[in-house]
Amino acid sequence: NKVTPALFARFPTLESLAEADVAEVEQYIHSTGFFRAKARDIVAASRMLVEQYGGRVPDTMEELLKLPGVGRKT
């Protein structure tokens with residue numbers, strides 16, 4: 001992936017990504033297309049992971065599908 005090295009260098013932890021300004025995330029992922037919706041979902045999903053799941057990715061399909069931007073084929 002071409003955008004993740006710079007994105008993760010700027011936001012090295014889940015907590016830093018959860019606190020990120022969506023507009024700043026947009027700048028890092030602009031080249032991926034649909035960057036506004038993706039940036040919004042990345043930040044929202046990060047917040048949800050921190051606040052509701054203690055910083056851990058859920059291990060059931062039902063819980064994963066609750067994350068913003070996650071669908072059955074994601």
S.K.: Would a hydrophobic clustering, with Ile, Leu, Val, Met, Phe, Trp and Tyr connected at side-chain separations under 4.5 Å, put F8 with V22?
M.R.: yes

S.K.: List for me each residue that meets side-chain hydrogen bond (donor to acceptor under 3.5 Å, both in side chains) alongside T32, sequence neighbours excluded, and say none if there are none.
M.R.: none

S.K.: Per the ring pair (Phe, Tyr, Trp, His ring centres under 6.0 Å) rule, what does the pair list look like for residues 33-70, sequence neighbours excluded?
M.R.: H30-F35

S.K.: Please report the interatomic distance CG(N1) to CG(L7), rounded to the nearest 0.5 Å.
M.R.: 9.0 Å

S.K.: Out of curiosity, does V70 fall in the hydrophobic cluster containing M48 (side-chain heavy atoms, cut-off under 4.5 Å, transitive links)?
M.R.: yes

S.K.: Minimum heavy-atom separation for G71 to L65, with atom names?
M.R.: C-CD2, 3.5 Å

S.K.: Start with the C-alpha gap between V25 and F11, add the side-chain angles, then the distance that decides, and say whether side chain to side chain contact (heavy atoms under 4.5 Å, CB included) holds.
M.R.: CA-CA 9 Å; V25 175; F11 304 104; 4.0 Å; yes

S.K.: Hey, quick one: are L14 and Y28 part of the same hydrophobic cluster, counting side-chain heavy atoms closer than 4.5 Å, chains of contacts allowed?
M.R.: no

S.K.: Mind listing the closest non-hydrogen atom pair of L67 and P58 along with its distance?
M.R.: CD1-CD, 4.3 Å

S.K.: Quick check: closest heavy atoms across I29 and A39, and the distance to 0.1 Å?
M.R.: CD1-N, 3.4 Å

S.K.: Does S31 have any side-chain contact (heavy atoms from CB on, under 4.5 Å) partners at least two apart in sequence or in another chain, and if so, which?
M.R.: V3

S.K.: Salt bridge (charged side-chain N to carboxylate O under 4.0 Å, His left out): which pairs involve residues 5-15, sequence neighbours left out?
M.R.: R10-E24

S.K.: Tell me, which pairs form a side chain to side chain donor-acceptor pair (under 3.5 Å) where one or both residues lie in residues 56-70, sequence neighbours left out?
M.R.: T60-E63

S.K.: Keeping to residues at least two apart or across chains, list the salt bridge (charged side-chain N to carboxylate O under 4.0 Å, His left out) pairs with something in residues 32-48.
M.R.: none

S.K.: Please tell me if the side chains of P68 and I42 come closer than 4.5 Å, counting only heavy atoms from C-beta onward.
M.R.: no

S.K.: Heavy atoms, side chains only, cut-off 4.5 Å: are D21 and V43 in contact?
M.R.: no

